[in-house]
Engineer: 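The following block contains the structure, expressed as structure tokens.
A, B, ... follow the sequence lines: proteins, then strands. Residue 1 opens every chain.
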There are 2 protein chains.
Amino acid sequence: MEQKKDNTEEKILNAAREVFVHKGMDGARMQEIANEAGINKALLHYYFRSKEKLFDAIFSKVIEFAFPGFANIISEETDFVTRLGKFIDAYFEMLLTHPFLPGFIIKELNRDPSGLFKLIAKYGFNPDFVLKEIEQAMDRGEIKRMDPRHLVINVISMCVFPFAVRPILNYLIFKDDQMAMSAFLGERPEVIKKFVIDSVAIKQ
Amino acid sequence: MEQKKDNTEEKILNAAREVFVHKGMDGARMQEIANEAGINKALLHYYFRSKEKLFDAIFSKVIEFAFPGFANIISEETDFVTRLGKFIDAYFEMLLTHPFLPGFIIKELNRDPSGLFKLIAKYGFNPDFVLKEIEQAMDRGEIKRMDPRHLVINVISMCVFPFAVRPILNYLIFKDDQMAMSAFLGERPEVIKKFVIDSVAIKQ
DNA sequence: GTCTATATCATGATAGAC
DNA sequence: GTCTATCATGATATAGAC
């Protein structure tokens with residue numbers, strides 16, 4: 001029974017994640033989640049009392065996954081450029097295996113940001129130490145001086161944005177050639193690293 | 001009567017744009033649009049036969065507005081860096097006056113991209129000439145050689161992404177200080193220009 | 001053109017048998 | 001725990017009076 005329950009709950013969570021990530025809270029239907037999980041609607045409400053509770057369960061898992069411990073890379077004891085490169089690589093690995101997360105998070109963020117705020121508060125995530133690390137690298141003369149907030153946002157933007165507008169890129173640039181787009185996205189980590197480093201490097 | 005009709009249709013379109021942009025197709029309610037326009041639901045259906053038709057009318061106007069003639073800036077007869085700067089300035093002016101468009105477009109793009117594809121086809125928009133212009137600038141030695149597709153996406157990403165994740169920035173970095181965030185976004189055009197130029201400039 | 005009233009339908013949620 | 005059947009609500013859409 002325990003076994004059965006865990007199994008069903010897992011099936012529901014997987015199905016719900018699939019549907020919610022692609023359709024969003026507003027667009028998702030409990031019927032579709034039930035179908036995807038191979039059960040009926042009533043059982044959904046038995047495990048999770050309401051659509052909102054089910055959504056919250058999924059959303060927190062997704063956020064936990066997408067706002068990850070990459071931050072610890074920033075704290076490593078190497079030069080800043082090395083840490084930046086490792087961060088971009090790690091972030092891209094996540095994005096390439098979960099390309100729909102950016103669109104989903106942006107959608108829900110603009111619908112109702114309160115859920116995300118609660119999670120940020122709960123996990124105590126704070127970007128200040130990242131900004132501190134960047135400033136220290138500037139103090140040490142490893143990179144050019146600039147507002148570290150802009151630097152962080154520039155890097156995250158170049159990593160995440162292409163995934164958020166994937167369908168446009170697919171249509172407008174790659175004419176529905178999935179292989180071409182995958183190859184393009186796969187080479188972006190190196191491109192971004194070079195682009196950023198060329199910009200912030202101290203010229204000799 | 002003509003006057004009356006135009007006036008009402010305009011009120012509907014304004015109300016619908018407001019509601020659709022903030023809530024999206026799935027989240028918007030015809031009742032809310034009617035309230036916002038100061039009329040009743042039945043009149044909405046008199047002017048636009050269905051919610052979908054009303055949405056399409058709004059969506060095409062928004063796309064027409066957000067995928068604008070900035071492209072002609074790229075064709076001007078000046079050096080590439082100047083044109084790039086003018087493009088970023090023009091694009092940011094649009095974004096600052098319509099900060100919710102990126103979130104809206106990303107949401108609808110991931111819900112159903114077919115509408116956007118039809119519009120792109122209808123207006124015959126094609127990014128190839130932009131890529132050509134960039135390649136010519138590289139041939140002339142104005143900027144470093146790199147894949148022009150990556151360069152375009154880098155620039156657009158850094159411009160648009162912060163608006164798409166506005167609520168996070170607001171909460172995580174600016175602690176709900178709207179003035180601070182506005183000031184930050186206002187200085188981004190210059191920051192991005194410098195960031196890009198420092199990266200692609202030919203070193204002497 | 002604009003309104004009130006209503007039809008129609010889809011969806012989230014519950015009741016109750018097994 | 002899982003199912004079938006059903007409720008209750010809210011949404012789009014239409015009918016028809018003015």
Side-chain angles (χ1 to χ4, degrees), chain A residues 1-62 104 107-108 110-112 114-115, chain B residues 1-62 104 107-108 110-112 114-115:
Chain A
M1 309 299 110
E2 184 84 5
Q3 179 58 28
K4 197 75 160 291
K5 182 192 171 197
D6 283 2
N7 191 20
T8 302
E9 184 165 335
E10 200 178 337
K11 279 196 296 182
I12 291 176
L13 286 171
N14 285 333
R17 181 169 35 75
E18 195 67 16
V19 175
F20 276 132
V21 164
H22 283 85
K23 308 264 176 101
M25 170 66 176
D26 290 334
R29 295 292 165 250
M30 294 297 268
Q31 183 65 62
E32 189 178 355
I33 295 173
N35 293 345
E36 184 89 11
I39 57 168
N40 56 50
K41 279 190 296 178
L43 206 50
L44 283 184
H45 286 88
Y46 175 79
Y47 278 86
F48 302 84
R49 290 179 54 82
S50 68
K51 182 184 180 184
E52 197 181 350
K53 284 198 169 46
L54 177 55
F55 177 81
D56 288 348
I58 298 298
F59 190 68
S60 56
K61 279 180 187 292
V62 167
F104 171 64
K107 186 184 315 189
E108 298 308 326
N110 283 283
R111 182 182 66 87
D112 175 18
S114 65
Chain B
M1 309 298 109
E2 184 84 4
Q3 179 57 28
K4 197 76 161 290
K5 182 193 172 199
D6 283 2
N7 191 22
T8 301
E9 185 165 334
E10 201 178 334
K11 279 196 297 184
I12 291 176
L13 286 171
N14 286 332
R17 181 169 36 75
E18 194 67 16
V19 174
F20 276 133
V21 165
H22 284 86
K23 308 266 177 100
M25 169 67 176
D26 291 335
R29 295 291 166 252
M30 294 296 266
Q31 183 64 61
E32 188 178 356
I33 295 173
N35 293 345
E36 184 90 10
I39 57 169
N40 57 50
K41 281 188 293 179
L43 206 50
L44 282 184
H45 286 88
Y46 175 79
Y47 278 87
F48 302 85
R49 289 179 54 83
S50 69
K51 181 184 181 185
E52 197 181 350
K53 284 198 169 45
L54 178 55
F55 177 81
D56 288 348
I58 298 298
F59 190 68
S60 55
K61 279 179 188 290
V62 167
F104 171 64
K107 186 184 311 186
E108 299 307 325
N110 283 284
R111 183 182 65 89
D112 174 18
S114 65

Engineer: Write down the distance between CG (A:L44) and C1' (D:dG1), rounded to a whole number of angstrom.
Structural biologist: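 It works out to 13 Å between those atoms.
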
Engineer: Find the distance A:L43:CG to C:dT14:C1' and express it as a whole number of Å.
Structural biologist: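 About 14 Å, once rounded to whole Å.
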
Engineer: In whole angstrom, give the distance that lies between atom CG of A:D26 and atom C1' of D:dG10.
Structural biologist: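 Nearest whole value for this atom pair: 14 Å.
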
Engineer: Rounded to the nearest Å, what distance is computed from the CD1 atom of residue B:I33 to the P atom of nucleotide D:dA11?
Structural biologist: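 So the two atoms are 12 Å apart, to the nearest Å.
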
Engineer: Check whether the side chains of B:Q31 and B:N35 place a donor and an acceptor atom closer than 3.5 Å, and report yes or no.
Structural biologist: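 Side chains of B:Q31 and B:N35: pair found under 3.5 Å.
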
Engineer: Can you sort out which residues in residues 54-61 of chain B have a heavy atom within less than 4.0 Å of DNA chain D? Ascending by number, please.
Structural biologist: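 Nucleic-acid contacts, sorted: none.
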
Engineer: I want to check a possible cation-pi pair here: B:R111 against B:F20, using under 6.0 Å from ring centre and within 45° of the ring axis as the test.
Structural biologist: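 Relative to the ring axis of B:F20, which defines the angle, B:R111 lies outside at least one limit.
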
Engineer: Mind calculating the distance between CD (B:Q31) and C1' (D:dT9) to the nearest angstrom?
Structural biologist: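 Answer to the nearest Å: 14 Å.
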
Engineer: Going from CE on B:M30 to CG on B:N40, what distance comes out if it is rounded to the nearest 0.5 angstrom?
Structural biologist: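 Between atom CE of B:M30 and atom CG of B:N40 there are 11.5 Å.
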
Engineer: Could you go through the side-chain contact (heavy atoms from CB on, under 4.5 Å) check for A:F55 and A:E108 one step at a time?
Structural biologist: CA-CA 11 Å; A:F55 177 81; A:E108 298 308 326; 3.5 Å; yes

Engineer: Reckon A:R29 has a side-chain N or O less than 4.0 Å from the OP1 or OP2 of C:dA10?
Structural biologist: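 Indeed not, no polar side-chain atom of A:R29 lies that close.
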
Engineer: For C:dT2, does either OP1 or OP2 sit under 4.0 Å from a side-chain N or O belonging to B:N40?
Structural biologist: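 It does not, given that no N or O in the side chain of B:N40 lies less than 4.0 Å from OP1 or OP2 of C:dT2.
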
Engineer: Touch check for A:A34, heavy atoms < 4.0 angstrom, all strands: base, sugar-phosphate only, or nothing?
Structural biologist: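 Here A:A34 touches no strand at all.
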
Engineer: Could you go through the side-chain contact (heavy atoms from CB on, under 4.5 Å) check for B:L13 and B:K61 one step at a time?
Structural biologist: CA-CA 10 Å; B:L13 286 171; B:K61 279 179 188 290; 4.0 Å; yes

Engineer: List the steps, then state whether side-chain contact (heavy atoms from CB on, under 4.5 Å) holds for B:K51 with B:R29.
Structural biologist: CA-CA 9 Å; B:K51 181 184 181 185; B:R29 295 291 166 252; 3.8 Å; yes

Engineer: What string of B, S and - do you get for nucleotides 13-18 of chain D 5' to 3' if you count protein non-hydrogen atoms under 4.0 Å?
Structural biologist: BBB---

Engineer: Run B:D56 and B:F48 through side-chain contact (heavy atoms from CB on, under 4.5 Å) and show every step you take.
Structural biologist: CA-CA 10 Å; B:D56 288 348; B:F48 302 85; over 6 Å; no

Engineer: Can you check whether A:A16's main-chain N or O pairs, donor with acceptor, with A:E36's side chain at less than 3.5 Å?
Structural biologist: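 The answer is no, because no donor-acceptor pair under 3.5 Å joins these two groups.
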
Engineer: Between atom CZ of A:F104 and atom CZ of A:R17, what is the distance when rounded to the nearest 0.5 Å?
Structural biologist: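 Here the rounded value is 10.5 Å.
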
Engineer: Can you check the B:K11 NZ to C:dG1 P distance for me, whole Å?
Structural biologist: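 It is 13 Å, rounded to the nearest whole Å.
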
Engineer: Could you give the CZ-to-C1' distance, from B:F48 to D:dT12, as a whole number of Å?
Structural biologist: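 So the two atoms are 16 Å apart, to the nearest Å.
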
